[in-house]
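Here is the structure we will look at, set down as structure tokens.
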Amino acid sequence: TDAELDAFINRVGDMIATRVRALEMVASVTLDDTVRTGNVYALPADYAERIAIYGTLNGVRRFALRLCSVGELRAIPTTALPMRGAIYGGSLEISGAPATGAEWELIHFARPTLAAGDSATNALLTAQPNLYIHGGLFWAYMDEESLQIATAHKDAFENEARLINTAAA
């Protein structure tokens with residue numbers, strides 16, 4: 001059924017999203033007042049891992065936001081310049097009080113769009129088909145309870161992921 005196929009594709013997508021950091025997964029988004037509550041910005045739904053976050057001070061100087069723990073962040077006075085941040089859950093919290101209209105450029109690894117329904121492919125599938133082949137065969141053989149064959153495909157998937165992650169580093 002379509003629901004079973006979508007569930008199967010989602011399992012492969014989850015493997016890729018948690019283990020692969022490919023160049024095809026790099027995305028950039030501007031976090032602004034539309035996704036802000038106080039000094040907390042909502043991360044995009046496809047967010048997987050941060051690469052860098054840049055802010056602009058007084059509309060002129062671009063700087064990299066330095067990440068710290070939530071505890072360290074909340075110890076910073078609310079009057080401080082917004083130079084530090086912490087990521088937790090689906091949020092980015094900024095130190096101090098970012099000015100109205102402040103924008104942050106988030107460069108991140110995005111979860112790949114799944115090739116399902118009307119979308120028969122995506123950039124990662126086109127560039128790295130072996131990820132999907134070995135991930136799919138791993139789950140197919142797991143469902144059949146053929147653990148030895150499933151393990152071989154999982155190992156092949158992990159090797160592909162390592163090569164891709166090394167190339168993207």
Side-chain angles (χ1 to χ4, degrees), residues 1-32 34-37 40-55 64-74 84-94 104-169:
T1 68
D2 285 347
E4 290 171 325
L5 179 59
D6 285 347
F8 183 78
I9 291 169
N10 283 330
R11 288 191 286 181
V12 175
D14 286 344
M15 283 178 73
I16 291 169
T18 58
R19 292 180 178 89
V20 178
R21 298 295 178 255
L23 294 176
E24 293 82 8
M25 298 167 66
V26 174
S28 177
V29 65
T30 299
L31 303 177
D32 58 21
T34 63
V35 295
R36 175 182 172 185
T37 304
V40 179
Y41 295 79
L43 296 174
D46 67 353
Y47 175 83
E49 182 180 324
R50 171 195 61 89
I51 297 172
I53 303 169
Y54 296 102
L65 184 73
R66 292 182 41 213
L67 290 187
C68 60
S69 72
V70 174
E72 291 171 314
L73 183 75
R74 294 197 177 150
R84 305 215 37 180
I87 292 176
Y88 54 89
S91 301
L92 166 66
E93 186 172 335
I94 305 289
W104 305 91
E105 180 188 8
L106 170 65
I107 302 169
H108 65 102
F109 286 109
R111 294 178 62 89
T113 56
L114 300 178
D118 294 339
S119 173
T121 191
N122 64 41
L124 186 60
L125 174 58
T126 301
Q128 308 293 344
N130 287 342
L131 279 175
Y132 286 85
I133 291 168
H134 291 298
L137 289 172
F138 165 72
W139 286 112
Y141 285 110
M142 284 298 291
D143 287 350
E144 301 257 324
E145 297 184 6
S146 299
L147 298 180
Q148 186 175 6
I149 299 171
T151 300
H153 285 290
K154 184 173 186 283
D155 291 345
F157 173 90
E158 296 289 346
N159 287 334
E160 288 289 328
R162 259 190 299 283
L163 290 171
I164 292 166
N165 292 347
T166 300

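Nothing here was measured: the structure is a model prediction, and the numbers come from that model.
- Judged purely by atom type and a 3.5 angstrom limit, Thr37 has no side-chain atom pairing as donor or acceptor with the backbone of Val40.
- To the nearest 0.5 Å, atom CD of residue Glu72 and atom CG of residue Leu67 are 10.5 Å apart.
- When every heavy atom of Leu131 is checked against every heavy atom of Glu160, the shortest pair comes out as CD2-CB, 4.0 Å.
- Between Met25 and Leu124, the closest heavy-atom pair is SD-CD2, 4.0 Å.
- Under the 4.5 Å side-chain criterion, counting only non-hydrogen atoms from C-beta, Leu65 is not in contact with Tyr54.
- The distance from atom CG of Leu23 to atom CD of Gln128, rounded to the nearest 0.5 Å, is 9.0 Å.
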Pair Ile53, Ile87 - check side-chain contact (heavy atoms from CB on, under 4.5 Å), show working.
CA-CA 11 Å; Ile53 303 169; Ile87 292 176; 4.2 Å; yes

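- How far CG of Leu92 is from CD1 of Ile94: 4.0 Å, rounded to the nearest 0.5 Å.
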Evaluation steps, side-chain contact (heavy atoms from CB on, under 4.5 Å), between Asp143 and Arg11
CA-CA 12 Å; Asp143 287 350; Arg11 288 191 286 181; 2.9 Å; yes

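- The minimum heavy-atom distance between Arg111 and Ala45, with the atom names listed, is CD-O, 4.5 Å.
- Between Leu137 atom CG and Met142 atom CE the span is 13.5 Å, to the nearest 0.5 Å.
- Between Phe138 and Met15 the shortest heavy-atom distance is CD2-SD, 3.8 Å.
- Once rounded to the nearest 0.5 Å, the distance linking OH of Tyr132 with OG1 of Thr126 reads 9.0 Å.
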Evaluation steps, side-chain contact (heavy atoms from CB on, under 4.5 Å), between Trp104 and Thr30:
CA-CA 6 Å; Trp104 305 91; Thr30 299; over 6 Å; no

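- Ring geometry for Tyr47 against His108 counts as tilted: the plane angle lies between 30° and 60°, on a 0 to 90° scale.
- Pairing each heavy atom of Leu106 with each of Pro44, the nearest pair is CD2-CD, 3.8 Å.
- The number of heavy-atom neighbours closer than 6.0 Å to OH of Tyr88, taken from other residues, nucleotides and ligands shown, is above 12.
- Contact between Ala48 and Ala110 at its shortest, heavy atoms only, is CB-C, 4.2 Å.
- With rounding to the nearest 0.5 angstrom, the CD1 atom of Ile164 is 7.5 Å from the CD atom of Glu24.
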Under the criterion side-chain contact (heavy atoms from CB on, under 4.5 Å), I'd like the reasoning laid out for Asn165 against Val20: C-alpha separation, chi angles, the key distance, then a yes or no.
CA-CA 6 Å; Asn165 292 347; Val20 178; 4.1 Å; yes

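- Remark: the Thr34 side chain and the Asp32 side chain contain an N/O donor-acceptor pair separated by less than 3.5 Å.
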